[in-house]
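One-based numbering, in listed order, for ligands and for the atoms of each. Since the structure is predicted, the reported quantities are computational estimates derived from the model, not experimental observations.
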Amino acid sequence: MSENCGISRWDDPNEINARLKKLTSQPIWEVDDEYYNGEIMPYYDEKCKASKAVYEEAKNYIPGGVQHNLAFNKPFPMCMDRAEGAYLYDKDGNKYIDFLQAGGPTILGSNYEPVRKRVEALLEECGPVTGLLHESELMLAKEINKHMPNVEMFRMLGSGTEACMASLRIARIATGKKRIIKMGGAYHGWSDQLVYGLKIPGSRGLLESHGIPGSDYRTTDECRPNDLNMLEALLKRNRLKGGTAAVMVEPVGPESGTRPIARDYNKHVRELCDKYGALLIFDEVVTGFRVGISGAQGYFDVVPDLTIFGKIIAGGYPAAGGVGGKKEYAQLMAAGLATGKHRAYVGGTLAANPLSCVAGTAAIQEIAAQNACEKAGKMGDRLTDGLKELIDKYGLPFVAYNQGSICHLECTGAMSFDFSSMSFIKSALGILKNKDMMYVRKDSMERMGAAYMANGIVTLAGSRLYTSMADTPEIIDEALNRFENVFKHVKKTDKGLV
Ligand SMILES: Cc1ncc(COP(=O)(O)O)c(C=O)c1O
């Protein structure tokens, strides 16, 4: 393993998919009612009163009572007061081991002091924003380029969503072609063109597409994850339909590796892009500076034309997003007054504010200096290995796997549905028929998430866990004890099959 690489092993995707298929072809296994009603619910009723009070009031002022999709915890969102390293503390003072890590950005651990100090110094001097050039913008672009040399230029934006939108514009201008191919189930933010096949492959524009005109998807194609034959067939077909401007991938697999891919998949995607004259866009919003200091592109040794950044790029501080790549492409986002040439118009009043740039530069420097990716990756391996042992010990059908510090624990297979092999009509019918089952499984996944939380473990929606440099073997082992407390109470139900 090279220095500061966070992935020490790569599982066979066929094996994981076979286990996931087995999981979804049997009824749901979940914590039994006696434990859930007798111990889990009382935890929330008795020990989380302050969180509940905030949530109840927030429902009057905030749609759904919470601002962030990841905070929709069952039975109600926990209100967090304090974050430190590997731990979170809620408003009632309860302490949790934090495997959400803000959805990925805090690989150094939450509220990492050396980064915070740099931000505080900046605030003292200049405040968060001036709207004019600040040297920290240059520092951040240079820091990224140091670790990912093919990101010759970097344009900072406000979020990963914006960065994905911008990359599509660049690809169309650069190639003069129209269509975009994304992978089924991949998440590239919530912009109109990319809420397509979101989370569930083959769901096309059906599940989460309300409020988006169908015409917005007209030039988006969805390819089955890890299927190179289908990708080539789409690229070939698209030659007669305006051509493919770009193939966009999450390089460890759609939805942060929830749908695993073969180790050499990205290399072949690169070859196909070259063959058909499409740009290759790596969405490294999660993987950049997490799976390795040189990102997934370093780990796979593949050079994308454009790289999307988010999350870690501002060290967990706000306004985190950007696009980088070869000069010829990145130049197309040049700021300033119109040049008369075709260019991708991007902007954002607070994009690249000094606060975000200082935080991002400091975070990347610390990630490099502390070898954070490798440390977090080792803890991801330890956590996943421990979960696998527990799954075997209790004879559960659950599936655990990881890509370094990105760990997956599928208890119900709610995210494993796939409609992509169906025809469009069949798919629409299949979705209607299976949607209910999917939601039953999702509900059960959240019930497991509630049980983990009541045992002092914060997960991403009960099925994903991010480790950080702040995790130690002792913290991981303590977390595994808590997972065991939950797994002990898991029983097979008669729910979850059509
Ligand atoms: C792979 C990927 N791309 C894009 C995004 C969107 O980023 P943002 O939430 O900053 O808009 C996310 C967010 O989780 C992501 O995981």
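By the salt bridge (Lys or Arg N to Asp or Glu O under 4.0 Å) test, Lys59 is found to be paired with Glu56, residues two or more places apart in sequence or in another chain being considered.
Side chain of Lys182 to backbone of Ala186: a donor-acceptor contact under 3.5 angstrom is found.
Judged by the 6.0 Å distance and 45° axis criteria, Arg263 is positioned over the aromatic ring of Tyr299.
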Query raised in the report: Between Arg172 and Lys177, is a side chain to side chain contact (heavy atoms under 4.5 Å, CB included) present by the stated rule, with each step listed?
Result: CA-CA 5 Å; Arg172 288 191 173 113; Lys177 297 176 182 172; over 6 Å; no
If you look at each N/O of ligand 1, which protein N/O atoms lie under 3.5 Å away, and at what distance?
from     : atom 1 : to     : atom 2 : distance (Å)
ligand 1 : 3 (N)  : Tyr187 : O      : 3.2
ligand 1 : 3 (N)  : Asp283 : OD1    : 3.3
ligand 1 : 3 (N)  : Asp283 : OD2    : 2.6
ligand 1 : 10 (O) : Gly160 : N      : 2.8
ligand 1 : 11 (O) : Gly160 : N      : 3.4
ligand 1 : 11 (O) : Thr161 : N      : 2.9
ligand 1 : 11 (O) : Thr161 : OG1    : 2.5
ligand 1 : 14 (O) : Lys311 : NZ     : 2.9

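To the nearest 0.5 Å, atoms CD1 (Ile308) and CG (Leu157) are separated by 9.0 Å.
Here Asp385 pairs with Arg9 in a salt bridge; the nearest charged N to carboxylate O distance falls below 4.0 Å.
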